[in-house]
Amino acid sequence: MTALDQPVTRTAYQQSVADYWNAEKDPVNLRLGDVDGLYHHHYGLGDYDPAVLEVPESQRDQAIIAEMHRLETAQADVLLDHLGPIGPADRLLDAGCGRGGTSVMAHQRFGCQVDGISISEQQVGFANDHVRQRGIDGSVRYHLKNMLDTGFESGVFQGIWNNESTMYVDLHELFAEHARQLKPGGRYVTITGCYNDVTGGRSRAVSQIDQHYICNIHARGDYFKALSDTGFVPINVVDLTAATIPYWELRERSSVATGVEKPFLTAYREGSFHYLLIAADRV
């Protein structure tokens, strides 16, 4: 049975993840995306402008929302910066695409074809509607697929990324599938939260994050072991932990706070949780 013949979700856990994201209508994703029509499902990078906290109360929350969106878009730009040279004839894969914001940004930057995949039917439908409205649905397409077995042909992508989605899958299975789909010399990039295995297992704060998102945060060392075992050579590793803390501090003061802000800030500040960018080439 091929990937095209099998159901998208293969396990009860995968179905629970799909159910979670099919039902999700969190303002922290939707209101930020409403700012300019780029809908992300990840966090932000960089210092926020403290002036947004001095805006008159009637407009303050709107200013904070816009600033948070600027930071999350900056995060996507950092990821795309690490994909290497990409031309209009290349093809990219956004694995775990959410509502598709980073895929749109990649097409705008490189002019190439981008495929996004998600196990959430709701996300895929939202993202495809959005690119149709933008008139770029001939170049950016979203598919209801399992990132561990996509059914795409081998060796067709110049670049693949996961933006905060690796914590839902087995890393060896994921990176083996990415290696199959990448051209020789192709680039893989991930931005992810991972627990600090130097200091031990998951801290209480990291476990609270797992529970909130029904995910399974991996140890930092697991990424490098799985990449090496599946034919990848890391070429760039960037610790983004300090750069993401301001986003969480601002989000904690916003109307779209969800309650998970405190565990994130605690885990980052105590050193039990790291926010990493890893770029690796397929050899």
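Residue numbers run from 1 in the order of the sequence given. Keep in mind the model is a prediction, meaning the values are calculated, not measured. Atom set for the values below is all heavy atoms of this structure, side chains included, hydrogens, waters and symmetry mates excluded.
Residues Tyr13 and Leu144 are members of one and the same hydrophobic cluster, defined by side-chain heavy-atom contacts under 4.5 angstrom among Ile, Leu, Val, Met, Phe, Trp and Tyr. When the side chains of ILVMFWY residues are joined at heavy-atom separations under 4.5 Å, either directly or via intervening members, Ile214 and Val260 end up in a single hydrophobic cluster. Taken together through direct or relayed side-chain contacts under 4.5 Å among Ile, Leu, Val, Met, Phe, Trp and Tyr, Ile235 and Tyr188 form parts of separate hydrophobic clusters.
Ala18 and Thr9 get closest at one heavy-atom pair: CB-CG2, 3.9 Å. Across all their heavy atoms, Gly200 and Tyr195 have their closest contact at O-CE1, 3.6 Å. The shortest non-hydrogen separation linking Ser165 to Ala95 is OG-O, 3.1 Å. When every heavy atom of Asn146 is checked against every heavy atom of Val8, the shortest pair comes out as ND2-O, 2.8 Å. When every heavy atom of Val114 is checked against every heavy atom of Ala106, the shortest pair comes out as CG2-CB, 4.1 Å. For the residue pair Val35 and Ala66, the shortest heavy atom distance occurs at CG2-CA, 4.1 Å.
Residues that satisfy the ring pair (Phe, Tyr, Trp, His ring centres under 6.0 Å) test with Phe273, not counting sequence neighbours, are Phe264, Tyr268. By the ring pair (Phe, Tyr, Trp, His ring centres under 6.0 Å) test, Phe152 is found to be paired with His143, Phe157, residues two or more places apart in sequence or in another chain being considered. In this structure, the side chain to side chain contact (heavy atoms under 4.5 Å, CB included) partners of Ser139, at least two apart in sequence or on a different chain, are His107. A search for side chain to side chain contact (heavy atoms under 4.5 Å, CB included) contacts involving Asp77 returns Thr73, Met105, Arg109, not counting sequence neighbours.
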Go through the steps for Met68 and Val28 under the test side chain to side chain contact (heavy atoms under 4.5 Å, CB included), then give the verdict. CA-CA 9 Å; Met68 288 172 59; Val28 77; 4.2 Å; yes

Could you go through Glu57 and Arg60, starting from their C-alpha distance and side-chain angles, then the distance that decides it, and tell me whether this counts as salt bridge (Lys or Arg N to Asp or Glu O under 4.0 Å)? CA-CA 5 Å; Glu57 187 174 355; Arg60 188 177 306 152; 5.3 Å; no

Just do the side chain to side chain contact (heavy atoms under 4.5 Å, CB included) check on Thr192 and Glu164 with the steps written out, would you? CA-CA 5 Å; Thr192 188; Glu164 297 179 11; 5.9 Å; no

Apply salt bridge (Lys or Arg N to Asp or Glu O under 4.0 Å) to the pair Glu72 and Arg251, showing each step before the final yes or no. CA-CA 11 Å; Glu72 65 175 2; Arg251 175 167 155 168; over 6 Å; no

Let's go through Asn236 and Val238 carefully: what are the C-alpha distance in whole Å and the side-chain angles of both, what is the deciding distance for side chain to side chain contact (heavy atoms under 4.5 Å, CB included) to 0.1 Å, and is it a yes or a no? CA-CA 7 Å; Asn236 208 340; Val238 185; 3.6 Å; yes

Step by step, would you call Asp229 with His172 a side chain to side chain donor-acceptor pair (under 3.5 Å)? CA-CA 8 Å; Asp229 289 347; His172 278 83; 2.8 Å; yes

Under the side chain to side chain donor-acceptor pair (under 3.5 Å) criterion, do Gln75 and His42 qualify, and how do the steps go? CA-CA 8 Å; Gln75 189 262 28; His42 57 254; 3.3 Å; yes

Apply side chain to side chain donor-acceptor pair (under 3.5 Å) to Asn216 and Arg202, showing your working. CA-CA 10 Å; Asn216 181 33; Arg202 291 177 182 82; 2.5 Å; yes

So Asp19 and Gln15, side chain to side chain donor-acceptor pair (under 3.5 Å) or not? Walk me through it. CA-CA 6 Å; Asp19 291 343; Gln15 186 59 53; 2.8 Å; yes

Please walk me through it: do Ile191 and Leu276 pass side chain to side chain contact (heavy atoms under 4.5 Å, CB included)? CA-CA 6 Å; Ile191 295 182; Leu276 290 188; over 6 Å; no

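Taking CD1 of Ile209 as the reference point, atom SG of Cys215 lies at 8.0 Å (rounded to 0.5 Å). Between the CG atom of Leu92 and the CG atom of Asp115 there is a distance of 9.0 Å, given to the nearest 0.5 Å. Residue His178 holds its NE2 atom at 3.5 Å from CG of Leu174, rounded to the nearest 0.5 Å. To the nearest 0.5 angstrom, Tyr142 atom OH is 10.5 Å from Asp137 atom CG. Atom OH of Tyr43 and atom CH2 of Trp248 lie 4.5 Å apart (nearest 0.5 Å). With values rounded to the nearest 0.5 angstrom, His218 atom NE2 is found 7.0 Å from Asp170 atom CG.
Under the 4.0 Å criterion applied to side-chain N and carboxylate O atoms, Asp222 and Lys225 are not assigned as salt-bridge partners. With respect to Asp149 and Arg10, a salt bridge is recorded, a charged nitrogen being found less than 4.0 Å from a carboxylate O. A salt bridge links Glu24 to Arg99: one of the charged nitrogens lies within less than 4.0 Å of a carboxylate oxygen. Using a 4.0 Å cut-off between a side-chain N of Lys or Arg and a carboxylate O of Asp or Glu, Asp61 and Arg31 qualify as a salt bridge. A salt bridge is absent between Arg204 and Glu270: the closest approach of a Lys/Arg side-chain nitrogen to an acidic carboxylate oxygen does not fall below 4.0 angstrom. Between Arg70 and Glu67, at least one side-chain nitrogen of the basic residue sits less than 4.0 Å from a carboxylate oxygen of the acidic one, meeting the salt-bridge criterion. Comment: Asp281 engages Arg187 in a salt bridge, judged by a side-chain N to carboxylate O separation of less than 4.0 angstrom.
Side chain of Ser118 to main chain of Ser120: a donor-acceptor pair is present (N/O by atom type, distance under 3.5 Å, no hydrogens or angles). Listed for the Asp210 side chain is a donor-acceptor partner under 3.5 Å among the backbone atoms of Ile217. Panel note: side chain Ser203, backbone Ser272; no donor-acceptor pair is recorded below 3.5 Å. A donor-acceptor pair is defined here as one N or O able to donate and one able to accept, closer than 3.5 Å; no such pair exists between the side chain of Tyr275 and the backbone of Leu45. In this structure, the side chain of Arg282 engages the main chain of Ala179 through a donor-acceptor pair within 3.5 Å. In this structure, the side chain of Asn128 does not engage the main chain of Gly125 through any donor-acceptor pair within 3.5 Å. A donor-acceptor distance shorter than 3.5 angstrom exists from the side chain of Thr266 to the backbone of Lys262, with no hydrogens or angles considered. A donor-acceptor contact shorter than 3.5 Å is absent between the side chain of Glu177 and the backbone of Met147. Distance alone, capped at 3.5 Å, places no donor-acceptor pair between the Asn162 side chain and the Thr190 backbone.
Within the hydrophobic cluster formed by Ile, Leu, Val, Met, Phe, Trp and Tyr side chains joined at under 4.5 Å, directly or through other members, Leu30 is accompanied by Tyr39, Phe126.
Residues Gln181 and Thr150 bring a donor and an acceptor atom of their side chains to less than 3.5 Å of each other.
Here salt bridge (charged side-chain N to carboxylate O under 4.0 Å, His left out) pairs that include residues 38-52, with residues two or more places apart or in two chains, number zero.
You'll find the side chain of Ile119 stays beyond 4.5 Å of the side chain of Lys145, heavy atoms only.
Remark: of the listed residues Trp21, Tyr213, Tyr168, Trp21 is the sole one forming a ring pair (Phe, Tyr, Trp, His ring centres under 6.0 Å) with His41.
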